[in-house]
Amino acid sequence: MYDRWKKDQAYLDIVADLLASEQVQALKNYEHHHATTRLEHCLTVSYRSYRIAKALGWQAKAVARAGLLHDLFYHDWRVTKFEEGSHAYAHPYIAYQKALEITDLSDLEKDIIVKHMWLSTIAFPEYKESYLVSFVDKYSAVLEYFTGLKGRLKRKLKKVQTKRKFK
Ligand SMILES: [Fe+2]
Ligand SMILES: [Fe+2]
């Protein structure tokens, strides 16, 4: 698990109230991209984006907070279907509505959350910070997916080897 954020007090101060909320903590009960929980994924996207934004002199605080809230939803997208459209279209708006229940959001933070599925959705982000979080989300999702795949393959291989041993 990516946990460099745990040692960064400046980052922790920015997201402390969100991280302490029941709504955000509940994300640890949901699997995301096979290898992580949804909370781990949101923290990873938030912290990676925050570090880049900070280095570039961009709006790092908004990036950290909106990054943490970008997947604030509690359904299994493989099971729950929406009339409004695909999961890619629906869940950023669900996350935005749920985020409003725990904090105020600036226009920038709203844009980061609502447009984070850009390229799967067609509405262009309005801020450079939104592009950043969107790209970090995709990058993290790919890494998480392949970490999960590697783990599953290793477990399968071990099973086959154990079976052979006892034949
Ligand atoms: Fe998402
Ligand atoms: Fe995500």
Side-chain angles (χ1 to χ4, degrees), residues 1-6 8 10-12 14-15 17-19 21 23-28 30-78 80-82 84-149:
M1 183 204 163
Y2 180 85
D3 58 2
R4 289 176 62 183
W5 57 271
K6 285 182 182 171
D8 188 333
Y11 171 76
L12 289 170
I14 289 170
V15 297
D17 60 317
L18 303 178
L19 211 46
S21 72
Q23 291 94 326
V24 169
Q25 283 300 318
L27 295 176
K28 68 178 158 207
Y30 298 85
E31 185 196 274
H32 209 74
H33 304 141
H34 303 294
T36 57
T37 69
R38 197 163 294 157
L39 179 57
E40 287 166 346
H41 167 74
C42 287
L43 278 162
T44 300
V45 171
S46 165
Y47 189 59
R48 280 189 177 134
S49 305
Y50 163 79
R51 291 283 304 269
I52 296 169
K54 203 175 168 185
L56 294 171
W58 295 2
Q59 304 273 336
K61 185 178 173 185
V63 162
R65 291 179 68 83
L68 184 54
L69 300 169
H70 82 280
D71 275 334
L72 190 66
F73 63 91
Y74 308 106
H75 59 270
D76 181 342
W77 62 273
R78 288 159 296 198
T80 311
K81 302 293 172 204
F82 298 95
E84 298 82 18
S86 68
H87 171 72
Y89 276 91
H91 84 270
Y93 287 95
I94 294 170
Y96 169 60
Q97 294 297 339
K98 300 242 176 259
L100 282 178
E101 292 170 17
I102 40 177
T103 186
D104 290 332
L105 294 166
S106 64
D107 288 345
L108 168 57
E109 290 166 328
K110 177 185 176 183
D111 197 63
I112 290 172
I113 297 171
V114 168
K115 308 276 181 61
H116 81 264
M117 289 302 288
W118 177 67
L119 289 179
S120 295
T121 57
I122 48 175
F124 281 83
E126 285 173 41
Y127 304 90
K128 55 186 182 295
E129 287 85 356
S130 307
Y131 283 100
L132 170 64
V133 174
S134 181
F135 282 120
V136 171
D137 182 40
K138 289 162 183 58
Y139 168 76
S140 302
V142 169
L143 281 189
E144 287 160 10
Y145 180 80
F146 282 105
T147 305
L149 192 65

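Worth knowing before you read on, the calculation uses all heavy atoms, side chains too, and leaves out hydrogens, waters and symmetry mates.
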Just so I know, are the side chains of [X] and [Y] near enough to count as touching, which here means a heavy-atom distance under 4.5 Å?
X	Y	answer
Glu109	Arg65	yes
Thr36	Thr44	no
Glu40	Glu144	no
Pro92	His70	no
Leu43	Leu19	yes
Asp8	Tyr50	yes
Leu108	Trp58	no
Asp137	Asp71	yes

[atom1] ([X]) with more than 12 external heavy atoms under 6.0 Å:
X	atom1	answer
Leu119	CG	yes
Tyr145	OH	no
Asp104	CG	no
Lys61	NZ	no

Just verifying a value: how many Å separate [X] [atom1] and [Y] [atom2], rounded to the nearest 0.5 Å?
X	Y	atom1	atom2	result
Leu105	Ile113	CG	CD1	5.0 Å
Ile94	Thr80	CD1	OG1	8.5 Å
Tyr131	Asp111	OH	CG	9.0 Å
Arg48	Tyr139	CZ	OH	5.0 Å

Please find the pair of heavy atoms, one from [X] and one from [Y], that lie closest to each other, and give the distance.
X	Y	value
Leu68	Ser46	N-CB, 3.4 Å
Ala99	Leu69	CB-CD1, 3.8 Å
Ala53	Ala60	CB-CA, 3.8 Å
Tyr93	Tyr89	CD1-O, 3.3 Å
Leu143	Thr147	O-OG1, 2.7 Å

Main-chain N/O of [Y] paired with [X] side-chain donor or acceptor, under 3.5 Å:
X	Y	result
Ser130	Glu126	no
Tyr74	Gln23	yes
Lys138	His116	yes

query = Given Val15 and Tyr47, is the side chain to side chain contact (heavy atoms under 4.5 Å, CB included) satisfied, shown in steps?
reply = CA-CA 10 Å; Val15 297; Tyr47 189 59; over 6 Å; no

query = Regarding Arg38 and the six-membered ring of Phe73, is the cationic atom NZ or CZ under 6.0 Å from the ring centre and inside 45° of its axis?
reply =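 Yes, Arg38 and Phe73 form such a contact.
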
query = Ring centres of His75 and His91 under 6.0 Å apart?
reply =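 That pair fails the under 6.0 Å test.
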
inquiry  = Quick one, Thr37 with Leu27, criterion side chain to side chain contact (heavy atoms under 4.5 Å, CB included). Give me CA distance, side-chain angles, the key distance, then yes/no.
reply    = CA-CA 7 Å; Thr37 69; Leu27 295 176; over 6 Å; no

query = Taking it one step at a time, do Tyr96 and Lys110 satisfy side chain to side chain contact (heavy atoms under 4.5 Å, CB included)?
reply = CA-CA 7 Å; Tyr96 169 60; Lys110 177 185 176 183; 3.4 Å; yes

message = Can you classify the ring geometry of Trp118 versus Phe135 as parallel (below 30°), tilted (30 to 60°) or perpendicular (above 60°)?
response =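 Trp118 vs Phe135 ring planes: perpendicular.
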
